[in-house]
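Predicted model, so just to flag it, every value in this text is computed and none were measured. Proteins come first, then strands; the chains are lettered A, B, ... in the order of their sequence lines, and each starts at number 1.
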There are 4 protein chains.
Amino acid sequence: MPLSPFIFQLAPSSGVPIYRQLMEQINRMTASQQIKAGDYLPSVRQLATELDVNPMTISKAYGLLEAQGTLKRVRGKGMVVVESTQKQSIEHRLNALNPLVNDLIKQCQQLDIDQDQVLNWLKEQFKKEWI
Amino acid sequence: MPLSPFIFQLAPSSGVPIYRQLMEQINRMTASQQIKAGDYLPSVRQLATELDVNPMTISKAYGLLEAQGTLKRVRGKGMVVVESTQKQSIEHRLNALNPLVNDLIKQCQQLDIDQDQVLNWLKEQFKKEWI
Amino acid sequence: MPLSPFIFQLAPSSGVPIYRQLMEQINRMTASQQIKAGDYLPSVRQLATELDVNPMTISKAYGLLEAQGTLKRVRGKGMVVVESTQKQSIEHRLNALNPLVNDLIKQCQQLDIDQDQVLNWLKEQFKKEWI
Amino acid sequence: MPLSPFIFQLAPSSGVPIYRQLMEQINRMTASQQIKAGDYLPSVRQLATELDVNPMTISKAYGLLEAQGTLKRVRGKGMVVVESTQKQSIEHRLNALNPLVNDLIKQCQQLDIDQDQVLNWLKEQFKKEWI
DNA sequence: GTGGTCTAGACCACC
DNA sequence: GTGGTCTAGACCACA
């Protein structure tokens, strides 16, 4: 029963609701099969403690993922990833980055940064920051 | 001639408050001097109509930018960019992209996409989407 | 125990915006440490009811005091005075009265009242009205 | 025809509407007979130029003072102080300072300044600032 | 319960 | 025409 080897990173002051941040991260991890069918997610209380967040917030995220069909509630055991999830194609996963990249492009233009500058800088940043 | 040649793009469902999106965009445009000292911003009502948003929302953004020292109220004429703003260095502007890039890196890892894949794809996307 | 032992006095017809009156009074009370670091201000809704004012007006004042660095939002608990505030020197606090005193002097001159007359009268008034 | 020997002092950013500041100042000057029955006020245009204010603002103040019975419009000559005004008693004029003094007392209390401190300081300020 | 955001609509002061 | 202030009421995120 893999409890919480998952890396969740929250940005509390980003304006994006915490439950949405959680949902998006879990969705990405199922898309990449870092969480597979049958895996159990950390319990509401455990994750709440770990992230220093109200348990109701975790519960809300789990509830919505259940409604969306990604998770299933198992009485007495917790939330389990449903069997239908499978690793999505690389194209599909890259496309999930589209909103972020469009934002990036828009911000570059507003900051008057050109393509080569930002691409070179991104390469550097990736080398530095990639864990 | 306080027209509105500025391109504001809102993401209403992003969770980021509209007034914040506006503030950030205006801050970026002053950082790149696409809006220069002495320029007039579009009027509250005009921008509200253009973006289909309540005037008070625009007004809140302008008011906070005034409190922050970026804009100044000119009676009967509108909001003008203060004189002290100047174009910021390319390093400074690239650093403004940091939060977005950290997000990008995090999402790639959660989607199990490796560095070369994403960098190549970014190059393509930039060529396609850059206006 | 975020109660409301603070006395706010509004002058609705003074022309000074309500949110500004609130901000000024709160600033004075932190300057004199009648509100100390860690104290909770009355909730938006409570103060709105108490002062018979729209909640958004209170909220605007609190929001600006937060932007100004005097208050901090604590999720689910309310607005708390930040730790950095300290009692300001008597000189500093007296100087805060400058605009009012300049106004007083100007009005005396326009009313053809001389210095001794007004100073004696002020002494009396202070004795009578001081709570 | 005494044109504009009057000293008007405006505080444009005080939040008090300019037309009200004007009205109050003119009322004080009639109360003290610094402006007497039969005196002509400066013309709208002249005062507007002098104070760097929109003529409509002056006009509004004059109009309200006319409605209030203090001034009278004389065709082709301007606004004249009506005959009924007379110098008011010193008590009456001191009472006109009441709102300001109540404000002063309130601010002192909120700033935790005691009576003797403020009275001594006021004496000094009066000596320094009185023109 | 807490604060935050947004809307629709009114009125004010000033150019 | 410009921005500013306020209201009444709705909905959201979080404790």
Gap between atoms [atom1] and [atom2], on [X] and [N] respectively (whole Å):
{"X": "B:Lys77", "N": "E:dA13", "atom1": "NZ", "atom2": "C1'", "result": "18 Å"}
{"X": "A:Asn54", "N": "F:dC12", "atom1": "CG", "atom2": "P", "result": "18 Å"}
{"X": "C:Leu47", "N": "E:dG1", "atom1": "CG", "atom2": "P", "result": "16 Å"}
{"X": "D:Leu64", "N": "E:dC12", "atom1": "CG", "atom2": "C1'", "result": "13 Å"}
{"X": "D:Ile18", "N": "F:dG4", "atom1": "CD1", "atom2": "C1'", "result": "14 Å"}
{"X": "A:Arg20", "N": "F:dC14", "atom1": "CZ", "atom2": "P", "result": "11 Å"}
{"X": "D:Leu22", "N": "E:dC14", "atom1": "CG", "atom2": "P", "result": "9 Å"}
{"X": "B:Ile58", "N": "E:dT7", "atom1": "CD1", "atom2": "C1'", "result": "13 Å"}

Tell me whether the side-chain N/O atoms of C:Ser59 come closer than 4.0 Å to OP1 or OP2 in E:dG4. yes
Would one find a side-chain N or O of C:Tyr19 under 4.0 angstrom from OP1 or OP2 of F:dC6?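 No, outside the criterion.
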If you look at every strand shown and take non-hydrogen atoms under 4.0 Å, does B:Met56 touch a base, only sugar-phosphate, or nothing?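 If one applies the 4.0 Å heavy-atom cut-off, B:Met56 turns out to touch a base.
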With sequence neighbours excluded, residues passing side chain to side chain contact (heavy atoms under 4.5 Å, CB included) with C:Gln109: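 Result, side chain to side chain contact (heavy atoms under 4.5 Å, CB included) vs C:Gln109: C:Ile105, D:Trp130, D:Ile131.
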Classify the side chain of C:Arg45 versus the base of E:dG1 as yes if they form a donor-acceptor pair under 3.5 Å and no if they do not. no
Tell me whether B:Ser59 contacts the main-chain N or O of B:Pro55 through its side chain, where contact means a donor paired with an acceptor under 3.5 Å.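 Pair absent, no side-chain N/O of B:Ser59 close to backbone of B:Pro55.
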Under 3.5 Å, is there a donor-acceptor pair between the side chain of A:Gln25 and the main chain of B:Gln110? no
Any side-chain heavy atom of B:Lys60 sitting closer than 4.5 Å to one from C:Lys60? no
Are any non-hydrogen side-chain atoms of D:Phe8 and D:Ile26 less than 4.5 angstrom apart?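 They are in side-chain contact.
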Assuming nearest nucleotide by heavy-atom distance, tell me which of B:Glu66 and C:Val53 is located more 5' along DNA chain F.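 Looking at the nearest nucleotide for each, B:Glu66 comes out on the 5' side.
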Closest-nucleotide ordering on DNA chain F, the 5'-leading residue of A:Lys60 and B:Arg73: B:Arg73
Could you give the distance from CG (C:Leu41) to CD (C:Gln46), rounded to the nearest 0.5 Å? 10.5 Å
Closest listed nucleotide, where the reference is the side chain of C:Thr57 and the choices are F:dT5, E:dC14, F:dC6: F:dC6
Is it true that, when you exclude D:Gln68 itself, more than 12 heavy atoms of the residues, nucleotides or ligands shown sit nearer than 6.0 Å to its CD?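 Count over threshold, so yes.
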Would you mind telling me which residue lines up with the more 5' stretch of DNA chain E, B:Pro55 or D:Asp52, judged by nearest nucleotide? B:Pro55
Consecutive Watson-Crick or G-U pairs in runs of at least 3, all under 3.5 Å, in which DNA chain E is involved: E:1-14 with F:1-14
